[in-house]
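As the structure is a prediction and not an experimental result, all values here were calculated from the model.
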Amino acid sequence: MLDDFGRGRVDPDCTAFLTRLNDRCAAPAEDPALLFGDDVVSYAELGARSDQFAGFLAGELGVRPGDRVGILLERDDWLVACLIGVLKAGAAFVPLDPAYPERRIEFILGDCGCEVVVDAPLVRRFRAGLGSWPAVPAVSPSPESVAYVIYTSGSTGDPKGVQITHDNLAAFLQWCLHEFADTDIGVVFAATSICFDLSIFELFFSLTAGRTVRIIESPAHIGEWLGAHRRVLLNTVPSVVMELARSGHDLSNVTAVNVAGEPAPPALREVLDLSRTEVRNLYGPSEDTTYSTVHRLDDSGAAVPIGRPVDNTRVYVLDAAGQPVGIDVAGEIHLSGRGLCRGYVNRPRLNEAMFAEHPEFPGERLYRTGDHARWRPDGNLVFLGRHDAQVKVRGRRIELGEIEAAVQRIPGVRQAAVVIRGEGSTAELEAYYVADGSATEPADVRHALTAVLPGYMVPAGTVRLADLPLTPNGKVDRRALLARQAPERTRTSTVAAAPESDLERRVLAIWQSVVDAPGAGIDNSYFDLGGDSLRAMTIIARLNEELGAELRISDLYHHPTVRGLAAEIDKSAADRTPRAATPDADDPQAATEYPITTSQSGIYYLQRLDPRSTAYNIPLSFAVRGPLDHARFRKAVDELVRRHDAFRTRFTIRDRRVIGLVEPTAEVPIVRQEIQPGEETDVLRGFVQPFDLAKAPLMRVKLASRSEVEHYIAIDVHHVVFDGASVALLLDQLVRLYVGATTAEVPGLRYADHALLTEREGADERAWQRAYWLGKLGGERTPLDLPFDFPRGKVQRFSGDYVELWIGAEQRRHVESLARTAGTTVFSALFSLFAGVLSHISGQDDITMGIPVECRRDPRIRSTIGMFVNTLAVRVDVDRTRPVRDLLTAHATELFAALDHQEYPFETLVRDLGIQQDGDHTPLFEVMFAYYPRLPVEDLFPGADLAVEHYHVDRPRISKFPLTFLVDETEDGLRVSLNYDSSLFKRETAEAMAEVVRAAFDLVSTPAEPLSKLPPL
């Protein structure tokens, strides 16, 4: 699919520009070619002038084929004749701007080796002898010879010369003729300096196509000529078009608009009539002959993509390792094809760095653009900014172009630029914008951004300017913005309310520390601050622990502010039940056995039924870059095992009860392996093996090394003693022990102590939770009518496979924004989306879906490694005629109520409901949904000479349920996996269901639409 996306139409035509131009100048020769002021130059006259100038260059100045000729002229009709005359003499022209500093002109002339410079005095001399210059034999330059050298800014401070060949130019013009064959064009406005490659389209395409070119002094003068012509094509930067519209110029005579050179704002759709004007957004570096991709704008309100490859061009979006990235994943644009230039003048090292041999097409090269983009599912590219515009702020990767697009979507904003000032912990985002009206003051802009962007992407400073500073080619001058004094932090119009009581002060302190919002006040909504379900549990647990409260998670949903929570604590202060204390007689520090917990029992029995199964193994894998001390690593693992009794636990049956036995010591085996390049993904192969639950430890480690500074660590733990939250605890503590950081013994309860206390928990709490679940799930329930391809067997086989979707950063922000609007969390929003998908697939409104939840509300077990997971069967009603946002609000109430009753064991509930488990189907639900927040392993070794990163390994091909929706949060978006039972579904059926999931995510950007808009399965 990516190969199809990235490959432009192949057109082998190689008709040279001069050949095409000569044909145009021959007949009909009197058609107007150039207009400048009141002067008109016909095609016949243009052909004669350029022929004469070629003779002048060769006969008078000694110019020979292959020479380079500088063009240092003001804009007029003679300028075009001189450019063409240089080509007819077999030389290459080098454009120069008379406004350039003298040093820059001297550098370019010296770098390029120009012996002849065409300036105003030389043109006057030529014109004085017009008609007398000797004719020269027609020169037919080879396709590989250079046609022109255009200088662009260089990172070293000196410009670099891009060498465009005659074949490059021929391929570009062939695409232009094909692309604009049916476009109604009479006059093309040429307002771009010849020093910038947009002018190549304006001049050479127009003359090749037989159109008339209106030479204009600069983009600032375009408006003066709009009323003088019909059927006009404008070719310029988006900001010029926006300014023309803002200034009230009549664009009714414009039938085509090309914008390029800077990101196109969505507001272009508002200022141009797309029903009668063809509007194209074009992208391309000078190194690829002006344009590489094209997109024809439509009425879609989304960000404007840069489109698909032009003819004879291949586009690749690659990661840092040079591998293609998936759909909606950010990567760097690489280009190849007939438009790719010869290289830079006198820059061998730069050529080597930027142009590489194409790995698939011998003899071709691949150019690194330094631009970032992502593929949309429809095959269009979305431009994300320059490579140096991709930054990290507080550990989060940010594309400045995405923030700029969000600013430009605010009504009244015409232009925007975002920069980053400072480095590391002092880095701050700053937004500069130009706008109309008083409703777009900095505080209003920031407030609007907080509604659509995560907090870490909202600029700290927002500045309104009369105009953005521009470079000579009309692009935003970001260096000039950074040269300004740093702006003060912009505050929204809402002032953070201070606490009015000691209780509010204490609640606010906990709130701020958990949400990482030091500026929050007592009236800020938890969800507006980006709070999620996991931190909601932490806040409630800390409030209950430190303030003696008895809040539930649903209290945070109903009272999402500090003021509201404090009032709720006051209201429920009476009649509190004290927490069960650890019995003195059992000495919790010395507990060596405990009755198996309900969280463990289901997994234990399933493993005993199939001792060879690895369905409940939890394999972890990550890469370590840097010198790894094996002895220190062994010591760190041993200390981790000593501190957590889960790793030293085995299970036995005594008096018909399963007992967990905690061994005083246990040595985790560490397998050592030396691997070769390409074997990294095989580290888990053969490593994940069944565990014998009667033997400790239920953990194993593998250390595979490719070199002294490249290692791959795999850890395999059985789920019966380990859960999702334990993953982060294990990695954090293992690293701390390795680096020698001072770490106290595990605070709170060890797992064995927790198990003993859970068994003695009060009967009132259990009865209260049991009543809730019987009320929600009792009575008749119809199983989901899923589109099974095969009959269901009596025994679950655990055979499975995956269909994966990528939800990019932009779509993820839509989900976050919708969750904030609905006053809920991302987890809750995703739950509603998947419930809607199931309703759509099954045609049923009564949907029950399973979710795993880590029962860690007791603060004493927050740092305890162990198995605390329970399964909740959440039942919701899905009205497919209601807007998506309404469903989120309704489902959030049900979901938070379920989380309030999360400790009641699932297996016990199944027995209470009288459900017979015969192996034919999963009791209560057929589909599970699990959400895994991003694990920032990259931050595990701060300041050390080691770096940790994830690396990809294949998931085990198993499925514990007919369907499971897995969502992994990553730095760049969400990886959504549909894990399906391959004994029940064909792969094509699973892929069809995955497309419905993708369509549901597309609905998030239009939350007023109902689920009935989803496509049929």
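Checking side-chain atoms of Glu1009 against main-chain N and O of Pro883 turns up no donor-acceptor pair under 3.5 Å. Judged by distance alone, the side chain of Ser977 and the main-chain N or O of Asn979 form no donor-acceptor pair under 3.5 Å. Between the side chain of Asn617 and the backbone N or O of Pro619 there is no donor-acceptor pair closer than 3.5 Å. Distance alone, capped at 3.5 Å, places no donor-acceptor pair between the Arg308 side chain and the His295 backbone. A donor-acceptor pair under 3.5 Å links the side-chain atoms of Asn281 to the main chain of Pro305, judged by distance alone. Panel note: side chain Arg812, backbone Thr970; a donor-acceptor pair is recorded below 3.5 Å. Side chain of Thr293 to main chain of Ile306: a donor-acceptor pair is present (N/O by atom type, distance under 3.5 Å, no hydrogens or angles). Counting only distance, with no hydrogens or angles, the side chain of Ser842 and the backbone of Leu838 share a donor-acceptor pair below 3.5 Å. In terms of modelled atom types and a separation under 3.5 Å, the side chain of Glu854 and the main chain of Phe868 share no donor-acceptor contact. In this structure, His334 contributes its side chain and Gly322 its backbone to no donor-acceptor pair below 3.5 Å.
Between Asp912 and Trp773 there is no side-chain heavy-atom pair separated by less than 4.5 Å. Looking at Glu332 and Val317, their side chains never come closer than 4.5 Å, going by heavy atoms from C-beta outward. At least one side-chain heavy atom of Phe965 sits less than 4.5 Å from a side-chain heavy atom of Leu978. Taking the side chain as every heavy atom from C-beta outward, Val967 and Arg975 never approach each other to under 4.5 Å. Contact of the Thr1006 side chain with the Val884 side chain is not registered, since no non-hydrogen atoms from C-beta on lie closer than 4.5 Å. Side-chain contact between Leu784 and Ile847 is present, with heavy atoms from C-beta onward closer than 4.5 Å. Considering only heavy atoms from C-beta on, Leu620 comes within 4.5 Å of Ile618 through its side chain. Within the 4.5 Å cutoff, no side-chain heavy atoms of Phe985 are placed close to those of Asp801.
Minimum interatomic distance between Tyr772 and Ala898 (heavy atoms only, all atoms of both residues): OH-N, 3.4 Å. Scanning all heavy atoms of the two residues, the minimum distance from Pro1007 to Val1004 falls at CD-O, 3.3 Å. The nearest pair of heavy atoms linking Val325 to Leu318 is CG1-C, 4.0 Å. For Leu384 against Ala330, the heavy-atom pair with the smallest separation is CD1-CB, 3.6 Å. Residues Pro962 and Glu926 approach most closely at CD-O, 3.1 Å, considering heavy atoms. For the pair Pro309 and Val315, the tightest heavy-atom approach, listed with the atom from each and the gap, is CG-CG2, 3.7 Å.
Here CG of Leu895 is found 9.0 Å from CE of Met849. Values are rounded to the nearest 0.5 Å. Separating the OH atom in Tyr316 from the CZ atom in Arg314 is a distance of 4.5 Å, to the nearest 0.5 Å. To the nearest 0.5 Å, atom CZ of residue Arg882 and atom OG of residue Ser1012 are 13.0 Å apart. With rounding to the nearest 0.5 angstrom, the CD atom of Glu969 is 13.5 Å from the CD1 atom of Ile807. The OG atom of Ser832 sits 9.0 Å away from atom CG of Leu818, with the distance rounded to the nearest 0.5 Å.
The existence of a salt bridge linking Glu278 and Arg280 is confirmed by a sub-4.0 Å separation between a basic side-chain nitrogen and an acidic carboxylate oxygen. Salt bridge present: Arg987 and Glu991 bring a charged side-chain N and a carboxylate O closer than 4.0 Å. Salt bridge Glu894/Lys776: present, at least one basic N to carboxylate O contact under 4.0 Å. Remark: Asp981 does not engage Lys960 in a salt bridge, criterion side-chain N to carboxylate O under 4.0 Å.
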Query - ring-ring contact (aromatic ring centres under 6.0 Å, His included) between Phe925 and Phe906, worked out - result: CA-CA 12 Å; Phe925 61 86; Phe906 180 74; 5.7 Å; yes
**Report entry** Steps toward side-chain contact (heavy atoms from CB on, under 4.5 Å) verdict (Leu924, Val910)
**Finding:** CA-CA 8 Å; Leu924 290 179; Val910 171; 4.3 Å; yes
Query raised in the report: Do Val382 and Arg374 pass the side-chain contact (heavy atoms from CB on, under 4.5 Å) test, and can you show the C-alpha distance, the side-chain angles, and the key distance before you say yes or no?
Result: CA-CA 5 Å; Val382 175; Arg374 60 178 175 81; 4.1 Å; yes
Requested in this report: Could you go through the side-chain contact (heavy atoms from CB on, under 4.5 Å) check for Phe383 and Val304 one step at a time?
Outcome: CA-CA 9 Å; Phe383 183 76; Val304 181; over 6 Å; no
**Report entry** Stepwise side-chain contact (heavy atoms from CB on, under 4.5 Å) test for Asp846 and Val878
**Finding:** CA-CA 7 Å; Asp846 184 4; Val878 180; over 6 Å; no
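Aromatic rings from Phe929 and Phe834 are positioned such that their centres are separated by under 6.0 Å.
A donor atom on one side chain and an acceptor atom on the other are found under 3.5 Å apart for Asp1002 and Gln811. Looking at Tyr931 and Asp968, their side chains never bring a donor and an acceptor atom within 3.5 Å of each other. In summary, the side chains of Asp886 and Thr889 do not present any donor paired with an acceptor at a separation below 3.5 Å, with no hydrogens or angles considered. Side-chain atoms of Tyr904 and Asn870 include no donor-acceptor pair closer than 3.5 Å. Side chains of Ser839 and Arg880: a donor on one and an acceptor on the other come within 3.5 Å. For Gln607 and His719, the side-chain atoms include no donor-acceptor pair closer than 3.5 Å.
The one candidate from Ile333, Val294, Val310, Leu381 that meets the side-chain contact (heavy atoms from CB on, under 4.5 Å) condition with Tyr283 is Ile333.
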